[in-house]
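Just so we're clear, the structure is a prediction, and the values are computed from it rather than from any experiment. Residue numbers start from 1 in every chain, and the chains themselves are labelled A, B, ... in the order their sequence lines are given, proteins ahead of strands.
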Number of protein chains: 2
Amino acid sequence: MDDDRWVPPCVLLAVDLVILTLRGSRLHVLLIERGVEPFRGALALPGGFLRDQEEDIVAAARRELFEEAGLADVPHLEALGVYGEPGRDPRGRVVSVAYLAIAPRLPQPVAGTDAAGACWRPVEYALTASAELAFDHSRILKDGVERARVKLEHSALATAFCGETFTISELQQVYEAVWGVQLDPRNFYRKVQSARGFIVAAGPMRRTEGGRPARLFKAGPVQALYPPMVRSAQAVTEGPDGHKAQVTPEGGTAP
Amino acid sequence: MDDDRWVPPCVLLAVDLVILTLRGSRLHVLLIERGVEPFRGALALPGGFLRDQEEDIVAAARRELFEEAGLADVPHLEALGVYGEPGRDPRGRVVSVAYLAIAPRLPQPVAGTDAAGACWRPVEYALTASAELAFDHSRILKDGVERARVKLEHSALATAFCGETFTISELQQVYEAVWGVQLDPRNFYRKVQSARGFIVAAGPMRRTEGGRPARLFKAGPVQALYPPMVRSAQAVTEGPDGHKAQVTPEGGTAP
DNA sequence: GCAAAAGTGTTCACAGTACACCCATGG
DNA sequence: CCATGGGTGTACTGTGAACACTTTTGC
């Protein structure tokens, strides 16, 4: 790879964060308004450079999250990918490591030193052309949302969107918001309980808001879901004109 | 993220490659024997540093693959992850981007400039303690193999292990080798054909080696498989004492 | 009682498995 | 004719979707 004289080139290492949360049954992403060039004034994912040579990459991600949006204690950061094409950043060769996190109702973020403002935006809005994020952040966000959708099927991630304890219908709202579909409450009820170790009863307590009180659950011990929560069938989505349409994997309408 | 005086730190960017292929119905990985320090003489995944500031990361991966093992034309490199803990490389702060590739019977690799030798090793062997790869390459290889297993379920990746055209039982051998299980040929035959766009007939030609000639197929147009090839059931694996045992997702034995 | 949400039971269709059986070739 | 692997038909079984129905609360 190198002879003794040749010295490998350096690159600037950055982190970017896709932080997703649920607000009012819609999926939101944390964005900041950039306070410095380049892309000053544009919306972007929170992130920034490594502070020094020794800083761990995940640690840098947590630090930036705190500095730019005042958020601490975000539970789990999952590596999403690397974005390092030459030319993606006008400041030079910047390679960015993207992380994905998911959390229950997070507090209103506060603007930090390099960010003129931090805010939650619905992901559909953030992905429209009118929002146009800085750098290649639209791409990163798109990858992050897709990753979240897939993870919901095979991992116990959905409970991370909820609070300490939750009802089954609250958990259902997570799936509906992230997947953008409607699910049958009765079948969801059983399906989620049949996944062994996914959720466990949290005391005989009950909480209410409307009809019959619901049992409370908390996240179970397992990470990998079996059987998985499959997304293809049973999924019913709102059509543009308000009626319901079957979602098929091909994207067409089922016969 | 930075004030005007502060300059972000540089890191050395490397690439590592997990190249998988099938040899004699077993899954093999491409390894090199390191010809330079550190870890001189140890086995490692092929890889190396970016050549210059402007080089694309995937391009660097392809270049290293050619330089270290003489392999060109490896079809598709998929980003596997980033490995960048401080201390993973004694030469300084090295952040490595790992790629995964999968290919049909690749030629015998040739040793390159920095590699004393390049060779195919069965993955079970490469993952044992006795093989002990350099750096954190055991971890990367483990992640790569697991990724390949999962991708076989949901994507048309398996055809990439085969040649231009292949029979259905050849395709089955791919699944059996990567998953480490045995499948029922009759059911596999139909299942693989029911996944729309996965494989398409390749002419009325037939090829033979034993019994009745088999139809030839080639890779179809789709990337995502529907329905997916599920791995859980129907999977029968050889027990240590030779008899067959049911594989359950929990790893236990089915009742 | 009525509305609303939680939770249960039951039916039906279909997908996955197992396996009997037929087909096409080489020796 | 037999061995070998390719390919088809079919019965059984479990899971998911659909939906009727009961339970428990507030008003």
Distance in angstrom units between [X] [atom1] and [N] [atom2], rounded:
{"X": "N187(B)", "N": "dC12(D)", "atom1": "CG", "atom2": "P", "answer": "16 Å"}
{"X": "D184(A)", "N": "dT15(D)", "atom1": "CG", "atom2": "C1'", "answer": "15 Å"}
{"X": "L183(A)", "N": "dC19(D)", "atom1": "CG", "atom2": "P", "answer": "15 Å"}
{"X": "Q193(B)", "N": "dA15(C)", "atom1": "CD", "atom2": "P", "answer": "16 Å"}
{"X": "I199(B)", "N": "dG6(D)", "atom1": "CD1", "atom2": "P", "answer": "13 Å"}
{"X": "L171(A)", "N": "dA6(C)", "atom1": "CG", "atom2": "P", "answer": "12 Å"}
{"X": "F166(B)", "N": "dG6(D)", "atom1": "CZ", "atom2": "C1'", "answer": "16 Å"}
{"X": "E153(A)", "N": "dG16(D)", "atom1": "CD", "atom2": "P", "answer": "13 Å"}

NE2 on H154(B) to NE2 on H154(A), rounded to 0.5 Å: 4.0 Å

Interatomic distance, H28(B) atom NE2 to Y125(B) atom OH [nearest 0.5 angstrom]: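 The distance works out to 11.5 Å.
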
Donor-acceptor pair under 3.5 Å, R212(B) side chain vs dA24(C) base: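 No, the side chain and the base share no sub-3.5 Å donor-acceptor pair.
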
R190(B) (side chain) and dG16(C) (base): donor-acceptor pair under 3.5 Å: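 Under the 3.5 Å cut-off, the side chain and the base do not form any donor-acceptor pair.
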
Residue whose closest nucleotide on DNA chain D lies nearer the 5' end, R215(B) versus G211(B): G211(B)

At under 4.0 Å, does any side-chain N or O of [X] touch on OP1 or OP2 of [N]?
{"X": "Y189(B)", "N": "dG6(D)", "answer": "no"}
{"X": "S169(A)", "N": "dA6(C)", "answer": "yes"}
{"X": "R186(A)", "N": "dA6(C)", "answer": "no"}
{"X": "S194(B)", "N": "dA15(C)", "answer": "no"}
{"X": "K191(B)", "N": "dT17(C)", "answer": "yes"}

Crowding at CD, Q193(B) (>12 non-hydrogen neighbours, <6.0 Å): yes

Upstream residue (5' side of DNA chain C) when P227(B) and T167(A) are each assigned their closest nucleotide: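 It is T167(A), whose closest nucleotide lies nearer the 5' terminus.
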
Donor + acceptor pair across side chains of Y83(A), D143(A) (<3.5 Å): yes

Centroid-centroid under 6.0 Å between F188(B) and Y175(B) rings: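 Yes, close enough.
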
Nearest to side-chain heavy atoms of A214(B), which nucleotide of dT25(D), dG6(D), dT8(C):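 Nucleotide nearest to A214(B)'s side chain: dG6(D).
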
